[in-house]
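As the structure lists them, so they are numbered: ligands from 1, and atoms in each ligand from 1.
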Amino acid sequence: MTRCKHESCGAAEKVWLPYESEGRSRGLKPHQYCIHCGVVKNISPDKAKAMGYYTNKLARIPITKVQMRLIIKELENMDFDDTYSMAKSAQEKVFVSVVQKYCKCKASLRIV
Ligand SMILES: [Zn+2]
């Protein structure tokens with residue numbers, strides 16, 4: 001499976017969708033979407049981070065290289081670092097659940 005490189009639609013084709021900021025609904029805002037796969041771009045300040053941000057966090061907890069590789073592989077399979085459409089808060093939820101699947105240590109509970 002190859003990852004979509006995402007290309008935004010033009011300004012005229014934007015779609016009006018509910019917009020949320022700081023956990024509160026702020027009415028409708030025009031959103032861009034990808035002309036290839038149709039995914040809507042996340043325009044909230046809750047912006048997704050690249051994989052490196054999370055691998056740095058993994059490096060700070062006591063896990064083996066094998067555990068780390070399994071965690072990263074699973075995250076990649078979920079399009080976890082799709083910064084076009086993902087939100088940071090959504091990433092954090094997924095990240096914690098995958099880390100805890102492979103690491104039962106206490107540090108994994110406060111990794112984000
Ligand atoms: Zn796309």
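A donor atom on one side chain and an acceptor atom on the other are not found under 3.5 Å apart for N42 and S85.
The aromatic rings of Y54 and F95 sit tilted, their planes meeting at an angle between 30° and 60°.
In H6, the N, O or S atom that comes nearest to the Zn ion (ligand 1) is ND1.
Hydrophobic cluster membership differs between Y19 and L17, with clusters built from Ile, Leu, Val, Met, Phe, Trp and Tyr side chains linked at under 4.5 angstrom.
Atom NZ of K29 is surrounded by 12 or fewer heavy atoms from other residues, nucleotides or ligands within 6.0 Å.
H36 lies apart from the Zn ion (ligand 1) in this respect, since none of its N, O or S atoms is found at a distance under 2.8 Å.
Annotation: angle subtended at the Zn ion (ligand 1) by C34 SG and C4 SG is 110°, to 10°.
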